[in-house]
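Report on one structure; see the data block that follows.
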Amino acid sequence: MADITKSYEPHDVEKKWYASWVGGGAFAGRVAHDREPYSIVIPPPNVTGVLTMGHVLNNTLQDVLIRRARLEGKSALWVPGTDHAGIATQTVVERELRKGKQTRHDLGRDPFIAKVWDWRHEKGGIILEQLRRLGASCDWDRTQFTMDPDYSRRVLEVFTELFRRGHIYRGKRLVNWCPASLTALSDEEVIMKPANSVLYEVRYEQVDSPGEYITVKTTRPETIPGDVAIAVHPGDPRYTALIGKLVRRPLGPLASIPIIADAAVDPAFGSGALKITPAHDKADFEIGQRHGLEAIDVLNPDGTLNAHAGPALAGLDRFEGRKKAASLLRESGALTGEEAYANNVGYSERADVPIEPRLTWQWWLRYPKVEEAKAAVRDGHIRFHPERWSKVYLHWLENIQDWCISRQLWWGHRIPVWYRKGIDRETLTEADLRDPEKVHVSLDGPTDPENWMQEDDVLDTWASSWLWPFATLGWPDKEAEQRAGFDYFYPTSTLVTGPDIIFFWVARMIMAGLEFVRPGEPIERRIPFKDVYFTGIIRDAQGRKMSKSLGNSPDPLDLIAKYGADGLRFGIVSIAPQGQDIRFQEDRIESGKNFCNKLWNACRFRQMSGPTGDNSSPEAILARLEPAQFDADDHAILDRLLVTTREVDRCFAQFEFSAAVQALYGFFWNDFCDWYVEVSKAKLQEESTKMNCLAIQDLVLRQTLLLLHPFIPFITEELWNLLGYSRDGAFIQDTRIDNASSIAGAHAMRGLVIDLEAAAAIARIKDSVSRARALKADYNLASRRDVRFFVITVDRDWTLIEANLAKIARMMGAAELVRREQVEGAPAAVTALGTFHLDLAATVDPVAERQRLAKELAALDKHIAGTQSRLANEAFVSKAPPAVLEGARQQLAEQQAKKDELERLLKAL
RNA sequence: GGACCUUUAGCUCAGUUGGUUAGAGCGUUUCCUUGACAUGGAAAAGGUCACUGGUUCGAGUCCAGUAAGGUCCACCA
């Protein structure tokens, strides 16, 4: 077996093992009916995207779950893939075209789409390659893309089916329009931003009473040409007399518009009168509908004003038009005031420009299975972690609105609807839509395509990714399902994602699963996943979101180069507590790397300490143990190993990944390396204890590697092989990890029962060692090993010291420990095993020593006073549980004994 | 306007059902290259747990309120 080098060099190790794993089919998700299935579908990243820190966290956690499942003997499947990301990808390619002074319209639809595919072939797959570098153990043979032919077919099949079931309709409604991307957006794609606007006060002259006016306040004077009424509250006494009267539109084409009454108007806002522009405001649109008013659209799709705005404004951009409208109103005297006004404006999430409410024909979905989707989470069929997100989810479902699923883009799934040539799409009714003579809806299109025109719009990207958990498993094609193991792997086990896409993706997947999968079967067979783990959002050191434009996001590949994939994984998991946002600090990644190096060197120490025995199975290692040689340290470390194993088990059950990593870190670094390995150095000197000690190290290292493997797969695989834990060259993942109770069971079979009393004695030894070291440090003796300690102690403690003499002396840095009845004038430390004196009587400064002891005494006095007052409290004594009471009494006794000893030492000085 | 989260050491954060002297990593100070590791070891300094009240024998932990910061939803022109 190769020697373990002095420091861990991740690069070659990662490359080597990743190739071996892939070559060995280690990531293949196989149907195995004698095993429990465990499956995850990746949240598909944008096909042309690159890896961000968010992806690193998200995918590391998925990999942790998948690798742990393999160790637990489950048949694990992690399905990878990418998303076509309609708007984002199309925008990127259009930007490229613009560099050559072209638009997509210059190319035409099909050549443009071909161009996007070229782009996808060039850039797509980068992110998947990056995931491999991170160590993601996806079943790459199953990689899917939402625009793959098979997947696309499933998307369109769902559309036609939902249409058939009456969930899909076409409607002319006010939608969120992005003037930059020239498409409709769903409500979820609009984000509200605070804006500094101007509130203009505009008066409208009454037709019948020239010189008399009604005044409104508006932030959008450029839409006045689209005004069709002024609305007031029906109960507003100021305006009762005016209801039904006409006023003149003060801007744009001349018109008289009525004053109407509608309860939606807030009499307390502004003047209490509201201008009604149904084409450009949602509330106005609804009022317009109620009153049968026309909607006049004064904007072009790109946000410039059109002919309806009148010649003075036509052609201007909406923001220019606003200024121009204000100045025109000012000139005509209709503008009677302006004031600064802070309001919120909706922005397109992707293009980052203000959206326009715009009246257009769109395809809408009435969500299916809304009630059942609520029940799935409320009744615990699907469990959210942290649980509180379920409230957000339920609230959204309570107030759910129909989903605008059509997009005026070219890159996406073109809606499988054909209109008979000659049909006027503007006047199509709901009944026409269902008339096969007029409209054709099918997967493959009409048999006489020459007589039909296909719908131009494509589907919202989320209207393809909401099928991800079952469409990636072959649904609904029976043969494909068979190949993919649909029956075995669905529902998937855990979804790992960010809470920012609860509405976009999580909720919609749940509804899709319930609607389409295994109709008629119980809910737990139809849900897409059983657990949803929501990660936090990674922020920079200042707490800002990481973003490309801020340039505050480190490149994960740089971090991998610097700290290794395992270091990055360990670091990112350790700073990601459940459900909280994460402030990224690179030093945590560095400490991940340091931990790997520590692990590496502890294994190196094991290798250098003696021959590797038979390590190929836990039984073989257990057979090398010599229970008769066990000392307190052996009991203690095995106890800590069991406790840690139990804790990691618990963490996995409760999705507490960072707690698992911290438990492993503390156990391995403090309990094993800082203590057990150090005491081993004394044990390994003795032939009688050497072999047993090596076997214990093997037991601990083997189990630790298994526990750590999901988090840091590369280094653990390497060490697993270097130390001979691998059986016949099998991967570490092929080993079944044991839980704490089965380990304890295996111990018991060997006649080994952990002596908890012995293990507890280690705590007292540690206390003595630590205090003795501090005493040495106080006297600047840390480096010297030739110090002699005199110990004043009782027989019982001296027995313990003698039994562990070599180790204790080594740990203290003592040349010798000598029991004395009495010591004069030497610096002393009162410890759990007696009073330890430094053999330095000649050089001690009594004044400094007295100060040192007095300080300790003062601190102790405070604690004694606290304990005493608790015990003096009648209520405490009568009501506290006996164990707590007993603990306090014992504590007081110990404190008192220590105090007596300190006082004796002081007197002796 | 509604909902949720956060507030603990200089910094970033743990602290599970209330119970000894509140922990970790980083940073700081002192000492140490002794054959696993200086990517390391030993020791130390550093906290009235945001504030106010309540429940309790006992509160960082439970309850109510206040303040500051943050997130999401809705949005009155």
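The shown structure was predicted, so the numbers you read here are calculated from the model rather than taken from an experiment. Chain identifiers are assigned alphabetically (A, B, ...) following the order of the sequence lines, protein sequences preceding nucleic acid strands; residue numbering begins at 1 within each chain.
For R640(A) and W675(A), the positive end is not near the middle of the six-membered ring at less than 6.0 Å and at most 45° from its axis.
Inspection of the S680(A) and Q697(A) side chains reveals an N or O donor paired with an N or O acceptor under 3.5 Å. A donor-acceptor pair shorter than 3.5 Å can be found between the side chains of S186(A) and E189(A).
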Taking only N/O atoms, report every protein-nucleotides 27-29 of chain B pair under 3.5 Å with atom names and distance.
none

Please list, pair by pair, any protein nitrogen or oxygen found under 3.5 Å from a nitrogen or oxygen in nucleotides 4-6 of chain B.
| residue | atom | partner | partner atom | Å |
| --- | --- | --- | --- | --- |
| C4(B) | OP1 | K391(A) | NZ | 2.9 |
| C5(B) | O2' | Q580(A) | OE1 | 3.4 |

All N/O pairs under 3.5 Å across the protein-nucleotides 35-39 of chain B interface:
| residue | atom | partner | partner atom | Å |
| --- | --- | --- | --- | --- |
| A36(B) | OP1 | K681(A) | NZ | 3.2 |
| A36(B) | O3' | R604(A) | NH1 | 3.1 |
| A36(B) | O2' | N601(A) | OD1 | 2.5 |
| A36(B) | O2' | R604(A) | NH1 | 3.0 |
| A36(B) | N7 | K681(A) | NZ | 3.3 |
| A36(B) | N6 | C673(A) | O | 3.4 |
| A36(B) | N6 | E678(A) | OE2 | 3.0 |
| A36(B) | N3 | N601(A) | O | 3.2 |
| A36(B) | N3 | A602(A) | N | 3.4 |
| C37(B) | OP1 | K6(A) | NZ | 3.2 |
| C37(B) | O4' | N601(A) | OD1 | 2.9 |
| C37(B) | O4' | N601(A) | ND2 | 3.4 |
| C37(B) | O2' | N597(A) | ND2 | 3.0 |
| C37(B) | O2 | K598(A) | NZ | 2.9 |
| C37(B) | N3 | K598(A) | NZ | 2.9 |
| U39(B) | O4' | N594(A) | OD1 | 3.1 |
| U39(B) | O2' | N597(A) | ND2 | 3.2 |
| U39(B) | O2 | N597(A) | ND2 | 3.4 |

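Contacts of A195(A) classified as side-chain contact (heavy atoms from CB on, under 4.5 Å), with partners at least two apart in sequence or in another chain: S197(A), N343(A), V345(A). Applying the side-chain contact (heavy atoms from CB on, under 4.5 Å) rule to A264(A) yields the partners D262(A), I287(A), R290(A); only residues at least two apart in sequence or on another chain are considered. Listed by chain and residue number, nothing satisfies the side-chain contact (heavy atoms from CB on, under 4.5 Å) test with S591(A) (two or more places apart in sequence, or in another chain). The ring-ring contact (aromatic ring centres under 6.0 Å, His included) check on F605(A) picks up nothing, with sequence neighbours excluded. Scanning for side-chain contact (heavy atoms from CB on, under 4.5 Å) contacts around L871(A) gives T867(A), F876(A), L885(A), A888(A), R889(A), L892(A), with sequence neighbours left out.
Base engagement by N344(A) is indicated by at least one non-hydrogen atom pair under 4.0 Å involving a base atom. Looking at heavy-atom distances under 4.0 Å, R650(A) makes contact with a base. Looking at heavy-atom distances under 4.0 Å, Y393(A) makes no contact with the nucleic acid at all. Among the atoms of the strands shown, none is found under 4.0 Å from any heavy atom of P499(A). Residue-level contact check: Y200(A) touches neither bases nor backbone, having no heavy atom under 4.0 Å from any strand. Heavy atoms of T277(A) sit nowhere under 4.0 angstrom from any nucleic acid atom. Among the heavy atoms of the strands lying under 4.0 Å from Q662(A) are primed sugar atoms or P, OP1, OP2 only; no base atom is included.
Straight-line distance between the C1' atoms of A67(B) and A44(B): roughly 36 Å, to the nearest whole Å. Rounded to a whole angstrom, the distance from the P atom of A64(B) to that of U55(B) is 15 Å. The gap from the P atom of U48(B) to that of A42(B) amounts to 28 Å, rounded to the nearest Å. For the P atom pair drawn from U17(B) and U52(B), the interatomic distance equals 25 Å after rounding to whole Å. Between A43(B) and G25(B), the distance separating the two P atoms is 12 Å to the nearest Å. When the P atom is compared between A22(B) and A45(B), the two are found 13 Å apart, to the nearest whole Å. Across U28(B) and G35(B), the matching P atoms stand 26 Å from one another, rounded to whole Å. Comparing C11(B) with G27(B), their C1' atoms sit 7 Å apart, to the nearest whole Å.
At least one side-chain nitrogen or oxygen of S770(A) sits closer than 4.0 Å to the OP1 or OP2 atom of A43(B). Note on Q654(A): every side-chain N or O is 4.0 Å or more away from OP1 and OP2 of U16(B).
Nearest to the side-chain atoms of L274(A) among the listed nucleotides G19(B), U21(B), A77(B) stands A77(B). Of the candidates A44(B), A77(B), G19(B), the closest approach to any side-chain atom of A774(A) belongs to A44(B). Closest to the side chain of H863(A), out of U21(B), C57(B), A77(B), is U21(B).
No donor-acceptor distance shorter than 3.5 angstrom exists from the side chain of R318(A) to the backbone of L299(A), with no hydrogens or angles considered. A distance-only check finds no donor-acceptor pair linking the side chain of S770(A) to the backbone of D767(A) [under 3.5 Å]. The backbone N or O of H395(A) sits less than 3.5 Å from a side-chain atom of N399(A), completing a donor-acceptor pair.
C76(B) atom C1' lies 13 Å from atom NE2 of H233(A), rounded to whole Å. Following rounding to the nearest Å, W389(A) (CH2) and A3(B) (C1') show an atom-to-atom distance of 11 Å. The CZ atom of R852(A) sits 11 Å away from the P atom of A44(B) (whole-angstrom rounding). Rounded to an integer number of Å, the gap from F672(A) CZ to G41(B) P is 14 Å.
Sorted by residue number, the members of residues 864-878 of chain A with any non-hydrogen atom under 4.0 Å from RNA chain B read N873(A), A875(A), F876(A).
Under the 30°/60° scheme for interplanar angles, the aromatic rings of W600(A) and Y8(A) are found to be tilted. Between F789(A) and F836(A), the angle of the ring planes goes over 60°, which puts this pair in the perpendicular group of the 30/60° scheme. Between Y533(A) and F657(A), the angle of the ring planes goes over 60°, which puts this pair in the perpendicular group of the 30/60° scheme.
In this structure, V787(A) and Y779(A) have side chains that are not in contact, with every pair of non-hydrogen atoms separated by 4.5 Å or more. Counting heavy atoms from C-beta on, the side chains of I4(A) and C603(A) come closer than 4.5 Å.
The residue among S271(A) and N670(A) whose nearest nucleotide of RNA chain B lies closer to the 5′ end is N670(A). Both D778(A) and S591(A) lie near RNA chain B, and the one whose nearest nucleotide falls closer to the 5' end is S591(A).
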With both pairing distances under 3.5 angstrom for Watson-Crick or G-U wobble, and | for a partner in another strand, the correct string for RNA chain B is (((((((..((((.....[...)))).(((((.......))))).....(((((..]....))))))))))))....
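The side-chain hydrogen bond (donor to acceptor under 3.5 Å, both in side chains) contacts involving residues 656-667 of chain A comprise R650(A)-E656(A), where partners must be two or more places apart or lie in separate chains. For residues 278-288 of chain A, every residue pair satisfying the side-chain hydrogen bond (donor to acceptor under 3.5 Å, both in side chains) rule, not counting sequence neighbours, is listed here: H280(A)-D297(A).
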